[in-house]
Each structure stands twice: as structure tokens, then as C-alpha cells.
Student: 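Below are the C-alpha cells for one structure; questions will follow.
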Number of protein chains: 2
Amino acid sequence: MNTSPPNTTRAVRAREPGGPDVLELVQSPLPALGPAGVLIKVVAAGVNRPDLVQREGRYPPPPGAPETLGLEVSGHVAALGPNATGLAVGDAVCALLPGGGYAEFAVADNGSVLPAPARVSLRDSAGLPETVFTVWTNVFERGGLQAGETFLVHGGASGIGTTAIQMAAAHGARVLATAGSEEKCAVCESLGAARAINYRTEDFLEAVKADGGADVILDMVGGGYTARNLTALKPDGRLVQIAFLDGAKAEINLSKIMLKRLTLTGSTLRARPDADKARIAAAVRAAVWPWIEAGRLAPVIDSVFPLDQAAQAHRRLESGDHAGKILLVP
Amino acid sequence: MNTSPPNTTRAVRAREPGGPDVLELVQSPLPALGPAGVLIKVVAAGVNRPDLVQREGRYPPPPGAPETLGLEVSGHVAALGPNATGLAVGDAVCALLPGGGYAEFAVADNGSVLPAPARVSLRDSAGLPETVFTVWTNVFERGGLQAGETFLVHGGASGIGTTAIQMAAAHGARVLATAGSEEKCAVCESLGAARAINYRTEDFLEAVKADGGADVILDMVGGGYTARNLTALKPDGRLVQIAFLDGAKAEINLSKIMLKRLTLTGSTLRARPDADKARIAAAVRAAVWPWIEAGRLAPVIDSVFPLDQAAQAHRRLESGDHAGKILLVP
């Protein structure tokens, strides 16, 4: 662990925009370690939906981010920039990244690194940062979910969904989730959802209305779902948008927003400045890490692929057959 | 003032849904004074846009509200329900009403009554409640406008607009306003707008973008304005909708909401429970009444009509030629 890192790392990037087959494993220079950078020897990397969009060329990395795919890793600290604090070489950590996770070595900003929780294997903790940060800032900060409120998450069996169900339940909310099969619905309920709705056999809007409506909805579907989400909200409800698998254009009824005093908001995580991510990380460490140590939140791991099978990992995520997170190990 | 009120009052209501000519002045029983009710001998009543919509039959009064039009009055307390506190017969007050303001006597809920500010004539203070409550709860509470932020209000010369400009400026925000003529733009700037945009000769979106964008927008246009408002917002901006003169249907881009972390919200005042209005009234008394006493906020009065000319008052509001509030005096 304390030996000097090599000069290059195996890393996965897209040869050109396209399907999973454009992914290639290349030998690449180690990313530059800035003053507040933390070099991590990767144990595992999480695969996330934005990776698919980046591979297709529709979501270019922010300026300065590596072309190597991958927004989160777990591993051991291999080197520290001069301004990086609170960490030592060899520490077991997990981290949110601007990119570069599908590799043997990755660089994170000091503020985006968290200690790997003792209760989760170091490998599996690679599945925590992207979903925990996303759920925290969107459901808790923007959506202001309160204990006793009803929370609805779409795609309850996804990486985001499995994390959101557990975090909302740990917070004391009543949790509803949608998913596309009976098996996935069973996963949602095993994680703490009071009710999982199979959207292929049941109208989610009718089911949520019959349940009394939702105070907060976390949605990644958008398009035609948006108006129905607004209808599913209780008075003073909040709809938080984090993706739009069904399209970014949505038609809404302003009268409904006014009469029920609704809030429609959303955010992206990747484009935010390091200082924002550090603030979210500090809040996550204070509020969410204790849930992990208490056994109330654990990453749900769907499958693990070696780094040279990143294309298969992408196909698995694209198939929609997964439940929970997909990991890559170098 | 201390003589017993009569059993009936002259009152204006709509004979049937329709244009201004359906308004008729009738002799009507005094509204019932509930346990927390305050009977007010009216000095003046404010005319508001929801009155026009109610007259047209498209905005039925909430259950229990009188059919008589009118959402705000000033006057003297004529009688108090047994549970009404903090007031005495003869007090000069202004009040938000569930309806019934176009009359010689009106009943308000105790919590919706405020002392008439000393610095404003009792008549003109009839023009305060509806706009001050609306601006407070939408711009300050829901929109969270901060000193130093940029605030844009559409319809800057309207009753809501003239109030919003003054309140936002008193709070230390930079104020932009739109209006439909050079004269109205001059009114906006005289009230504290740093820049008024004549939307008939200039594209408001280009003007606001050239100014650096808005942190909070108060909009009553809706329809095609909604997408443009979202474009005019800075990152973390808030769009607050209080009406939709251009229609309730709006097409929005969820990607824009996520990338800029925008919030779209809104509310109506009339349908809220008395307890909500009392909470808003207490906040207004603490935060806004001092601005009035300091000379930083005053109702802008466009015109005053006698009660039997309510139809003319409605025509004036419908013409869009007014700047500020229109009042009726019994």
C-alpha cells in the first residue's frame, strides 16, 4: 500500500460515441493529483446511468474531468495532495469522482472522500457515494422529507431506488416505490417500502392516490410522468427530478401547482463545484453514515464484473433487469 | 361607531356569471359573525383580479364564503365575536376577507385583521392586505428572496407589482419589473425598480439575461412565459406562480430545472385555512408593517369608485390601463 503508485493505470473509456462495444480498456497516464487531490487505489467502481449517457456522447464530462468513465470508487488512499487533510495513505475510503472510476487508480477531491463504513465490505462501499449523495441532496435537502411524511420513489429497484427506500425509511418516512416486476417489488418491500407498485400491471397514480398521496416524489422518468407526479402529490408536496428517461419536455398545469402549493425542483450532482460536494459529503457523513453503521442502510449489489467486462456491465444496466448496483473490479 | 350595526348592508354581487354589467348592488343580510369573527364597517374595499374571475363564474367562492365580492377592506371594528382578541370596537383596521368586501359591512376572521398603519390613510389601507399577504407568502416565504438577490416581477404596475417592487426593494433586493407602457415603466422605477422593461417594445428575456438573470421571479402570466421565466433564472433560482393570465398549461424543460437547480412553485391565498392566513398576517405585521411606518412601502392607488359603480371599477381593471390599486367606497 505504501509503495509508490505506478505511472500508468488500466482505464476504461469510450473509443467513440456508441453502444457498449465502444468501451475499451487502455493503459492511460495516472490522472494528475491536484493540491487537494486524493489518489485512490481502486478496489471497486460503481456503474451509474450517467456513464451510459457519457458513453453515447450525450453527456460530456465537465471541464477538467478525466475521459475515463466512472463516478465513484472504493479503495485505499495511495497518495495525497499537499492540501488534502483528514486522510492517511492506506486508509480505506469510498469517494465521489468527477470521472475516472473505471480504473486501477483514480483521483478524488479531498472533500468528496469518505471513510469506508466498517459494516460494509470495502468492495461494496463503491456502490454508496453516487446514490447516497444524490438521495441526500435531492430528497432530504431539496425535497425536505420529514419523518412521518409519505415518500414515493420511481425505479425503486434501481441503485438510486434501493438507496432512497432505505434512507427514507431510516428517517421515519412512509415509503412507496414503483418497479417493473413482482421480483423487483419484493426487493423494494424487503428494503422498507410499505408498498411497492408494479407499474406494468397497476397504474401508479391510482395506487398512490388510494394511499393518500405523496409528500415528496423522487423521479427519474420525466416526460409524461411529470404531470402525473404532480397529481400524485399532496398539498405542499415536492417533486424532485434527477433524470428524464422518458424525455426532458413535460407539460404541467400551473393551476395544480398553485392550488396545492406544490414545488417542482431537481438537480444534477456531477456539474456542481467541489465545495458543494464537500458540503454534501459532510452532511452525509453526519446523517447517513450512522444509518449504515446501525445496519439500517447497506448498498444492494446486483452484480460485479471485472474491469475488462465493462461492456457487459453496461449491457446489464441497459437491460433494466438488475436490482441494485453494478460494480466493476480492476 | 358604538351604535349597533344594522341588520342589512348594501352589497355587490354578480346576478349571473358574465361581464361587468352583471354586478348589482343589493340589500343583503349582514354576514354571520362567527366566534372569531370581526365585523368591520367598511371605509374602502380593494378590487382584485380574482374578483373578475369570480364574477365570470370561473372561480367559485370557497365553502362558507359570502357571495358578495371583495377580498379586502379597511374600516372600523363594529362588533367582535366572543373569541376575537386584540381588537376593540372602533379600532381602525384593514383585513383580508374570504369574500364580502364590496359592502358597507364585512366580516373578517380575527387572525386576518391588522391595525391600519398610521402613515397611510384609512381608505388607502384597503389596498394593502391582498397584495401584501400575497407578496409576503410567495416572494419571501416560498421564493425565499434574500437581500442582494435580483428579483423580477411581471406586471410591475399592477396592484401586486407595485407592492412587490416596494417590498423587495425595502428588503435590499435588486428589482427588475416588466410593464406594458413607458408610463407604467416610469411608475415601476419610481417605486424602486432598478430597471423596468417595456415588454411591448423589448424582449423581457433578453433584457433580464443582459442584466445577469433573476434569483426570484413572481409571475402571473404563465402559459408561454413559464419556459422563458425558467430561462431567465440564475442557478438556484425560484419561479413563483400566482396566476396564469396566459393559461395554466405550460411546457417546461426538466433538464434546465436540473442543471440550474431551479424551483418552480406557487400558491393561492383565498383557499387557505384561517390559521394559515393568521400566521401570514403575524409575519406581515412583524416584517412589513415597519416598512410602511418607515415610509418605504405605501399602497399605490390608481382610482376610487363609489360602490354602485363597481362595474366601472371592474372595467378599469380589465382595461389594463390602471397603475396600482382600484378601490370602492360605500
Side-chain angles (χ1 to χ4, degrees), chain A residues 49-50 53 58-60 62 134 137-138 141-144 154 217-227 229-230 233 235-273 276 280, chain B residues 49-50 53 58-60 62 134 137-138 141-144 154 217-227 229-230 233 235-273 276 280:
Chain A
R49 202 163 280 279
V53 189
R58 297 188 293 121
Y59 187 4
T134 296
T137 191
N138 286 290
E141 291 184 339
R142 300 193 85 73
H154 290 296
I217 299 177
L218 183 67
D219 183 57
M220 55 289 283
V221 181
Y225 260 42
T226 304
N229 282 331
L230 295 174
L233 284 175
D236 293 303
R238 295 83 77 192
L239 169 59
V240 190
Q241 203 71 38
I242 54 169
F244 38 83
L245 300 175
D246 193 29
K249 279 194 184 170
E251 190 177 282
I252 59 170
N253 185 319
L254 299 171
S255 173
K256 188 161 286 173
I257 288 178
M258 288 165 47
L259 286 169
K260 291 202 288 184
R261 299 179 300 278
L262 305 180
T263 296
L264 167 55
T265 185
S267 72
T268 62
L269 187 56
R270 191 178 191 185
R272 299 177 81 162
D276 280 14
I280 297 168
Chain B
R49 203 163 279 278
V53 189
R58 297 189 291 123
Y59 188 3
T134 296
T137 191
N138 286 290
E141 291 184 340
R142 299 193 84 74
H154 291 295
I217 299 178
L218 184 66
D219 182 57
M220 56 289 282
V221 181
Y225 260 43
T226 305
N229 282 330
L230 294 175
L233 284 174
D236 293 304
R238 294 83 77 191
L239 168 60
V240 189
Q241 202 71 37
I242 54 168
F244 39 83
L245 300 175
D246 193 29
K249 279 193 183 168
E251 190 176 284
I252 59 170
N253 185 319
L254 298 170
S255 173
K256 189 161 286 176
I257 289 179
M258 288 165 46
L259 286 169
K260 290 202 288 183
R261 299 179 300 280
L262 305 180
T263 295
L264 167 56
T265 186
S267 72
T268 62
L269 187 56
R270 191 177 191 185
R272 298 177 81 162
D276 280 14
I280 298 167

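Order of the sequence lines sets the chain letters (A, B, ...), proteins ahead of strands, with each chain counted from 1.
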Student: Where does I242(B) contact chain A at under 4.5 Å (heavy atoms): side chain, backbone, both or neither?
Tutor: backbone

Student: Please say which of T226(A), T263(A), L218(A) ends up in a side-chain contact (heavy atoms from CB on, under 4.5 Å) with L239(A).
Tutor: T226(A)

Student: Non-hydrogen atoms of chain A under 4.5 Å away: do they reach the side chain of R270(B), the backbone, both or neither?
Tutor: neither

Student: A250(B) and G223(B): which non-hydrogen atoms are nearest, and at how many Å?
Tutor: CB-O, 3.8 Å

Student: Please find the pair of heavy atoms, one from T137(B) and one from S267(B), that lie closest to each other, and give the distance.
Tutor: CG2-OG, 4.4 Å

Student: I want to check something: taking the side chain as every heavy atom from C-beta on, are I280(A) and L269(A) in contact at a cut-off of under 4.5 Å?
Tutor: yes

Student: Top residue by heavy-atom pair count (under 4.5 Å) with chain B, among L259(A), N253(A), L254(A), L262(A)?
Tutor: L254(A)

Student: Taking every heavy-atom pair that is under 4.5 Å apart, which of T268(A), I252(A), D236(A), I257(A) has the most such pairs with chain B?
Tutor: I252(A)

Student: With chain A as the partner, which of R261(B), E251(B), R272(B), R142(B) has the greatest number of non-hydrogen pairs under 4.5 Å?
Tutor: R261(B)

Student: Among K260(B), M258(B), K256(B), which has the most heavy-atom pairs under 4.5 Å with chain A?
Tutor: M258(B)

Student: Could you tell me which of G222(B), A243(B), A227(B), A271(B) has the largest number of non-hydrogen atom pairs under 4.5 Å with chain A?
Tutor: A243(B)

Student: From H154(B) NE2 over to D219(B) CG, what is the distance, rounded to the nearest 0.5 angstrom?
Tutor: 4.5 Å

Student: Going through the distances and angles, do T265(A) and R238(B) end up as a side chain to side chain contact (heavy atoms under 4.5 Å, CB included)?
Tutor: CA-CA 9 Å; T265(A) 185; R238(B) 294 83 77 191; over 6 Å; no

Student: Let me know if N138(B) has heavy atoms under 4.5 Å from chain A in its side chain, its backbone, both or neither.
Tutor: neither

